[in-house]
Amino acid sequence: MTFSFALMHAGMIGGITPNDPAQWPSWLSPLYQDEAAHLGPIVADMQAAEQSGQAEGLRGLLDAMTPRLHVSFIDTGLPLTKLVQHLRQFAFFNMEDGNYYALSLADCRVLPELARIFTPLQWGALTHPFSRWQIHLRHGELAVLPSQSADQTAATTPLTLSNAQIDALVDAAEADHLIGNLTQATSNALPGNAADHYRWAQAAISAWQRAGQADRTVLAALTAAMFRTRGKLFERIESGSLLAGSDGEAICQALGNT
């Protein structure tokens, strides 16, 4: 028998009420087992919600997460309790230096990068119980994550990620980091949609790197200018001349005038 689940991040909607998971409906379960459980990843049994007459409550959770970049769908033979036990093994990871961090299992922006950066053994250990794992892309459409062969399933948990893997994840998250900073710095909604935001942030990173810049203040100012011009900054000004030189303050001032 195959069960269908929604993996979501409750923090994206301000948390689940009531805060105590013991008071949640039986079709909903947290991954975290501490006082922040209502603010972390949660798993919803979609068939159980339907059968209990609470499909509308589940739809309310799904619809509250717009865009649905923190909603993915898992098809598996595991029932809810077993799926949650499985995912909890991967909710945190170790670094080579012994530090311990959360893994963004409910973030559709991160999951494709995990599929790319994890070793086959690591990715297989996470995904082998799933017949399908669908994520939302930035345009809103669904995409299926790659699966791993059944012989690549045994890995010690929590996983230990190498320094090279961590560096790759940090690089992959750069655009979203810039978008998040810009969102916090402005009182108005950013122009465009999630796909636009990523494209503009990536264009800023690429131009900054091509110019040989290392000043992150310049990168932040360049990103803001890219958003302000809705990605058309370099249709107005040649990026090489705009970003040339080592006077970061002057470059930021020029970017602010675009």
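Between L243 and A211, the shortest heavy-atom contact is CB-CB, 3.7 Å. Of all heavy-atom pairs spanning A195 and H139, the tightest one is CB-CE1, 3.3 Å. Counting all heavy atoms, side chain and backbone alike, V71 lies closest to H136 at O-ND1, 2.8 Å. Closest approach of F118 to Q165, counting heavy atoms only: CA-NE2, 3.7 Å. Scanning all heavy atoms of the two residues, the minimum distance from A254 to L242 falls at CB-CD1, 4.2 Å. Closest approach of S52 and A49 over heavy atoms only: OG-O, 3.1 Å.
Under the 4.5 Å side-chain heavy-atom criterion for grouping Ile, Leu, Val, Met, Phe, Trp and Tyr, L145 is connected to I74 within one hydrophobic cluster. At a threshold of 4.5 Å between side-chain heavy atoms, the hydrophobic network of Ile, Leu, Val, Met, Phe, Trp and Tyr places L126 and L80 in one connected group. Hydrophobic clustering of Ile, Leu, Val, Met, Phe, Trp and Tyr side chains at less than 4.5 Å, counting indirect connections, unites I13 with L28. Linking ILVMFWY side-chain heavy atoms closer than 4.5 Å, directly or via other members, places I16 and M12 in two distinct hydrophobic clusters. By the criterion of side-chain heavy atoms lying less than 4.5 angstrom apart, applied directly or through intervening Ile, Leu, Val, Met, Phe, Trp or Tyr residues, I179 is grouped together with W200 in one hydrophobic cluster.
The aromatic ring centres of Y32 and H38 sit 6.0 Å or more apart.
Annotation: side chain of M8 is in contact with side chain of L58 (closest heavy-atom distance under 4.5 Å). Side-chain contact between R199 and R138: absent, with no pair of heavy atoms (C-beta onward) separated by less than 4.5 Å. Annotation: side chain of T81 is not in contact with side chain of S29 (no heavy-atom distance under 4.5 Å). Under the 4.5 Å side-chain criterion, counting only non-hydrogen atoms from C-beta, L142 is not in contact with I135. Using a 4.5 Å heavy-atom threshold, the side chains of W123 and S147 count as separate. When side chains are defined from C-beta on, L161 counts as touching Q122, because their heavy atoms get closer than 4.5 Å. Considering only heavy atoms from C-beta on, T160 stays 4.5 Å or farther from M95 through its side chain. The shortest side-chain heavy-atom distance between L103 and L114 falls under the 4.5 Å cut-off.
Of the possible polar contacts, none joining the D63 side chain to the G60 backbone as a donor-acceptor pair under 3.5 Å is found. At distances below 3.5 Å, not a single donor-acceptor pair connects side-chain atoms of T157 with backbone N or O atoms of L159. The backbone N or O of A106 sits nowhere less than 3.5 Å from a side-chain atom of S104 that would complete a donor-acceptor pair. Q23 places no side-chain N or O within donor-acceptor distance of the main-chain N or O of T17, the cut-off being under 3.5 Å.
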Please assess M46 against F5 for the test side chain to side chain contact (heavy atoms under 4.5 Å, CB included), listing each intermediate value before the final yes or no. CA-CA 5 Å; M46 300 174 72; F5 299 93; 5.5 Å; no

Carefully, step by step, assess L78 and F3 under the rule side chain to side chain contact (heavy atoms under 4.5 Å, CB included). CA-CA 7 Å; L78 299 177; F3 303 96; 5.9 Å; no

Would you sort out whether Q33 and R88 count as a side chain to side chain contact (heavy atoms under 4.5 Å, CB included), showing the intermediate values? CA-CA 9 Å; Q33 297 176 285; R88 280 175 179 164; 3.1 Å; yes

Side chain to side chain contact (heavy atoms under 4.5 Å, CB included) between D215 and L219, intermediate numbers included: CA-CA 7 Å; D215 188 335; L219 177 58; over 6 Å; no

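Heavy atoms from other residues, nucleotides or ligands lying under 6.0 Å from CD of E249 number 12 at most. Within 6.0 Å of the CD atom in E56, the count of heavy atoms belonging to other residues, nucleotides or ligands does not exceed 12. Within 6.0 Å of CD on Q253 lie no more than 12 heavy atoms contributed by other residues, nucleotides or ligands.
The line from CZ of R116 to CG of L111 is 13.0 Å long, rounded to the nearest 0.5 Å. If you take CG on D196 and OH on Y198, they are separated by 13.5 Å, rounding to the nearest 0.5 Å. Here the CG-CD distance, from D107 to E113, works out to 10.5 Å after rounding to the nearest 0.5 Å. From R68, atom CZ reaches atom CG of L137 across 13.5 Å, with rounding to the nearest 0.5 Å. Between I117 atom CD1 and D171 atom CG the span is 8.5 Å, to the nearest 0.5 Å. T217 contributes atom OG1, which lies 10.5 Å from atom CD1 of I251 (distance to the nearest 0.5 angstrom).
Listed by chain and number, the residues in a side-chain contact (heavy atoms from CB on, under 4.5 Å) with A225 are R228, L233, L255, T258 (sequence neighbours excluded). When the side-chain contact (heavy atoms from CB on, under 4.5 Å) test is applied to Q51, the partners found at least two apart in sequence or on another chain are Q47.
No hydrogens or angles considered: a donor-acceptor pair under 3.5 Å links the side chains of H177 and N181. Side chains of E174 and Q202: no donor on one and acceptor on the other come within 3.5 Å. Side-chain contact annotation: D75 with T2, donor-acceptor N/O pair under 3.5 Å absent.
H197 pairs with exactly one of L190, T183, L178, L182 by the side chain to side chain contact (heavy atoms under 4.5 Å, CB included) rule, that one being L190.
Classification of the W133-F130 ring pair by plane angle, with boundaries at 30° and 60°, yields perpendicular. Between F92 and Y100, the ring-plane angle classifies as parallel under the 30° and 60° cut-offs.
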